[in-house]
Amino acid sequence: MKFILSFTLTLLISFELLAQCNSFIPLRENVRYEYEMFDKKEKMTVKISQTLKNVSGSEENMKATLTQDIYDPKKDDKIASSDLNWTCENGTLHFDMKSMTMMMDNGQEMNMGDAGMSVDVTGDELDLPTELTVGQTMKDVSYNIKMTMGTLTLMNRTYNIKDRKVESQESLTTPAGTFDCYKITYVTTAEKGGATKSAMWYAKDAGLIKTENYKEDGKLINRQLLVKLVK
């Protein structure tokens, strides 16, 4: 009886640890992602560390905070930090748009660590269904970025993400391992500016593996790559 009870408790504990709302993102406490971002010349521009905190809820409805720290790759000095809100409802994960706004429409990276700079992101959340199939389309998203320094407004611009589609399913190898990924492509337009084409690779129980951003003519702007995943 003791063996059966122990075995049953082990199964229950294991199930609780592995339970998550979305099949792509392991919504569990202290899951950590480490990324490196490169410019068009393959020069590393920043390192990014993301850790899931304050995970609550179960099954189809969960909440979590993604703590994001950005580092200078030369000195390993932290240049920015933020907390991003994630929610999962009925299996669909909703992202705080702050996690998507490191790049402006002209291809330059935002430096969130500039002294005295405040960045306010409002609008729709980006979602990720728990199941993806090649050819699947997803809803458009609109959001606004306002950058201020004191009383001075540096930028106040609305962006639209459209034509989101699961382009393909493919294997992708990074320093973090080899992953079976779904490639999602989309176009981002700004009210005053051109368009940016992007691709994101997601793997089940791993999350975002790779991101690439391109100009309208197809030339690479930058890319972000998962180099370490701790679950």
Side-chain angles (χ1 to χ4, degrees), residues 25-55 64-86 95-122 125-126 143-157 159 172-177 179 188 190 193 196 198-203 206-215 219-231:
I25 308 296
L27 284 177
R28 299 191 286 273
E29 198 76 20
N30 295 320
V31 169
R32 188 174 81 253
Y33 299 88
E34 293 183 10
Y35 296 95
E36 293 176 349
M37 181 171 279
F38 302 85
D39 64 15
K40 62 183 179 180
K41 296 181 179 180
E42 291 300 315
K43 177 185 176 182
M44 190 187 304
T45 55
V46 293
K47 292 182 178 181
I48 305 166
S49 177
Q50 298 178 339
T51 305
L52 282 167
K53 301 285 188 180
N54 306 320
V55 179
T65 299
L66 186 74
T67 298
Q68 178 171 270
D69 297 317
I70 302 173
Y71 296 87
D72 182 330
K74 293 182 178 179
K75 301 178 181 179
D76 274 335
D77 292 338
K78 186 189 297 185
I79 58 177
S81 183
S82 61
D83 288 332
L84 314 171
N85 297 319
W86 284 12
F95 297 89
D96 188 321
M97 284 305 301
K98 288 182 180 178
S99 62
M100 296 287 293
T101 55
M102 285 190 62
M103 189 192 69
M104 297 165 61
D105 63 325
N106 61 2
Q108 297 178 342
E109 293 168 17
M110 290 185 182
N111 187 352
M112 302 289 191
D114 285 347
M117 182 180 292
S118 175
V119 181
D120 186 32
V121 183
T122 57
E125 292 181 318
L126 198 67
Y143 63 97
N144 179 269
I145 301 177
K146 186 176 182 180
M147 300 175 64
T148 58
M149 184 175 291
T151 58
L152 179 64
T153 298
L154 303 178
M155 184 181 78
N156 189 5
R157 189 168 299 170
Y159 295 82
L172 188 64
T173 299
T174 80
F179 304 90
T188 304
T196 301
S198 302
M200 306 179 78
W201 284 260
Y202 283 95
L208 180 63
I209 307 302
K210 181 181 177 181
T211 302
E212 290 183 345
N213 298 292
Y214 302 88
K215 295 181 179 179
K219 293 182 179 179
L220 181 70
I221 298 173
N222 58 21
R223 66 183 182 90
Q224 178 178 304
L225 194 67
L226 179 69
V227 295
K228 187 174 183 180
L229 172 60
V230 179
K231 293 193 287 184

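Computed from a predicted model, the values in this text were never measured in an experiment. Index from 1, following the sequence.
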To the closest 0.5 Å, what do you measure between [atom1] ([X]) and [atom2] ([Y])?
X      : Y      : atom1 : atom2 : result
Met149 : Leu154 : CE    : CG    : 5.5 Å
Asn54  : Leu66  : CG    : CG    : 11.0 Å
Leu229 : Phe179 : CG    : CZ    : 6.0 Å
Asp39  : Asn222 : CG    : CG    : 8.0 Å
Gln50  : Glu34  : CD    : CD    : 10.5 Å
Lys210 : Tyr202 : NZ    : OH    : 14.5 Å

Side-chain heavy atoms of [X] within contact of [Y], under 4.5 Å:
X      : Y      : value
Met147 : Arg157 : no
Tyr35  : Thr211 : no
Phe95  : Glu125 : no
Arg28  : Leu52  : no
Thr174 : Glu36  : no
Asn156 : Asn144 : yes
Trp86  : Leu27  : yes
Asn30  : Lys53  : yes

Closest heavy-atom contact between [X] and [Y]?
X      : Y      : result
Ile25  : Tyr33  : CG2-OH, 4.1 Å
Val121 : Tyr143 : CG1-CD1, 4.2 Å
Ile209 : Ala206 : CD1-CB, 4.0 Å
Asn213 : Ser198 : OD1-OG, 2.6 Å
Val55  : Glu29  : N-OE1, 3.0 Å
Pro26  : Gly207 : CD-N, 4.4 Å

### Query
Can you name the side-chain contact (heavy atoms from CB on, under 4.5 Å) partners of Asn85, sequence neighbours left out?
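Testing Asn85 for side-chain contact (heavy atoms from CB on, under 4.5 Å), a comparison that skips the adjacent residues, returns Thr65, Asp96.
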#### Entry: Main-chain N/O of Thr67 paired to Thr51 side chain as donor or acceptor, under 3.5 Å
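Here the side-chain-to-backbone pair does not exist.
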### Query
Should we say atom NZ of Lys231 is surrounded by more than 12 heavy atoms from elsewhere, each under 6.0 Å from it?
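Yes, because the 6.0 Å sphere around NZ of Lys231 holds more than 12 heavy atoms from other groups.
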